[in-house]
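Hydrogens, waters and symmetry mates are skipped; everything else that's a heavy atom, side chains included, is used.
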Amino acid sequence: MGSFVSSLLRGGGTGEADPSSAEPSRVSTFHSSASWQLHFKNSEASSQLMVIDFAASWCGPCKFMEPIVHAMASTFTDVDFAKIDVDELPDVAQEFNVHAMPTFVLVKKGKEVDRVVGAKKDKLQKKIKKHRALLPSS
């Protein structure tokens, strides 16, 4: 528990702070499969779009996309942004069939609706705009 408290104090918990701004990040970072599964299960009941950023700390394109994703999260406040480190949670990456980084998986009601593989800012933005506006089909 001490390490959990320490990570919160350092800003390593869900919604960790962006060091370049005074505002907390709108991107939720998950460090355990249990916390991710709980978040994902809760999102299944909502028609809100979730963008899952699968990245790795050693990945150059992931580092390039990180501030862009944080900016998108501030712009698209009606979208749930989540970040998964593939080395920290390989089971989650495997569940979503992630083989390259970064991979952005767009999910609604627990189902994948789209994905972007690679550091493709414009493509990601277009897909977010497309899917956040769509109403789920019944």
Side-chain angles (χ1 to χ4, degrees):
M1 174 153 158
S3 63
F4 174 72
V5 173
S6 297
S7 73
L8 287 177
L9 293 173
R10 286 192 317 266
T14 302
E16 68 186 34
D18 178 354
S20 64
S21 75
E23 291 183 30
S25 170
R26 293 193 32 76
V27 179
S28 300
T29 303
F30 295 90
H31 299 287
S32 78
S33 294
S35 64
W36 163 251
Q37 292 300 335
L38 179 63
H39 183 78
F40 189 75
K41 289 263 185 251
N42 288 336
S43 76
E44 289 177 325
S46 169
S47 60
Q48 179 184 33
L49 177 65
M50 181 191 319
V51 177
I52 310 166
D53 174 6
F54 288 94
S57 59
W58 48 263
C59 168
C62 300
K63 289 178 185 177
F64 168 78
M65 286 298 291
E66 188 169 6
I68 294 165
V69 171
H70 284 272
M72 286 183 186
S74 295
T75 301
F76 302 117
T77 57
D78 58 328
V79 176
D80 180 14
F81 284 82
K83 182 172 183 176
I84 303 287
D85 183 312
V86 298
D87 292 325
E88 207 171 339
L89 300 177
D91 54 324
V92 179
Q94 184 176 4
E95 179 184 338
F96 282 90
N97 206 21
V98 172
H99 299 288
M101 277 72 64
T103 294
F104 301 93
V105 179
L106 286 72
V107 175
K108 262 192 173 177
K109 290 198 164 272
K111 305 266 188 252
E112 181 176 334
V113 294
D114 222 328
R115 80 170 42 207
V116 175
V117 179
K120 299 174 182 163
K121 172 186 146 195
D122 294 337
K123 189 173 185 180
L124 178 61
Q125 191 167 18
K126 283 178 187 166
K127 289 188 180 214
I128 290 171
K129 286 179 180 178
K130 173 185 172 185
H131 292 291
R132 72 190 267 258
L134 294 177
L135 294 173
S137 54
S138 43

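Of all heavy-atom pairs spanning Met72 and Gln125, the tightest one is CE-CB, 3.8 Å. Between Val86 and Ala56, the shortest heavy-atom contact is CG2-CB, 4.0 Å. Considering all non-hydrogen atoms of both residues, Ala45 and Lys109 come closest at O-NZ, 3.8 Å.
Put simply, the side chain of Trp36 reaches to within 4.5 Å of the side chain of Ile52, judged on heavy atoms. Counting only heavy atoms from C-beta outward, the side chains of Lys127 and Arg115 never approach each other to under 4.5 Å. Residues Val107 and Val105 meet the side-chain proximity criterion, which asks for heavy atoms closer than 4.5 Å. Inter-residue side-chain proximity for Lys129 and Phe76 is flagged as met; some heavy-atom pair is nearer than 4.5 Å. Contact of the His31 side chain with the Thr29 side chain is registered, since non-hydrogen atoms from C-beta on lie closer than 4.5 Å. Inter-residue side-chain proximity for Met101 and Pro61 is flagged as unmet; no heavy-atom pair is nearer than 4.5 Å. Counting heavy atoms from C-beta on, the side chains of His70 and Arg26 never come closer than 4.5 Å. Side-chain contact check for Leu124 versus Lys120: every heavy-atom pair is 4.5 Å or farther apart.
At least one donor-acceptor pair under 3.5 Å links the side chain of Thr103 to the backbone N or O of Ala100. With hydrogens and angles disregarded, a donor-acceptor distance shorter than 3.5 Å links the side chain of Lys108 to the backbone of His131. Side-chain N or O atoms of Gln48 include one that pairs as donor or acceptor with a backbone N or O of Asp78 at under 3.5 Å.
Note that the OG atom of Ser43 and the CE atom of Met50 stand 3.0 Å from one another [nearest 0.5 Å]. How far CG of Asp53 is from OG of Ser28: 12.0 Å, rounded to the nearest 0.5 Å. Rounding to the nearest 0.5 angstrom, the gap separating the CZ atom in Arg132 from the CG atom in Asp80 is 13.5 Å. Expressed to the nearest 0.5 Å, how far CZ of Phe104 lies from CG of Asp114 amounts to 13.0 Å. The CD atom of Glu112 sits 8.5 Å away from atom CG of Asn97, with the distance rounded to the nearest 0.5 Å. Rounded to the nearest 0.5 angstrom, Leu38 CG and Ser33 OG are separated by 12.5 Å.
Dense packing is recorded around CD of Glu44, with more than 12 heavy atoms of other residues, nucleotides or ligands lying under 6.0 Å away.
With respect to Lys83 and Glu66, a salt bridge is recorded, a charged nitrogen being found less than 4.0 Å from a carboxylate O.
In the hydrophobic cluster analysis, where Ile, Leu, Val, Met, Phe, Trp and Tyr join through side-chain heavy atoms closer than 4.5 angstrom, Ile68 is grouped apart from Val117. Residue Phe64 is grouped with residue Ile128 when hydrophobic side chains (ILVMFWY) are merged at heavy-atom distances under 4.5 angstrom, including chains of intermediate members.
With sequence neighbours excluded, no residue forms a salt bridge (charged side-chain N to carboxylate O under 4.0 Å, His left out) with Glu95. Residues satisfying the ring-ring contact (aromatic ring centres under 6.0 Å, His included) criterion with His39, sequence neighbours excluded, are Phe30.
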- Item | Working for side-chain contact (heavy atoms from CB on, under 4.5 Å), residues Leu49 and Val113 | CA-CA 9 Å; Leu49 177 65; Val113 294; 4.3 Å; yes
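Between Phe96 and Phe54, the ring planes lie tilted relative to each other; the angle falls in the 30° to 60° range.
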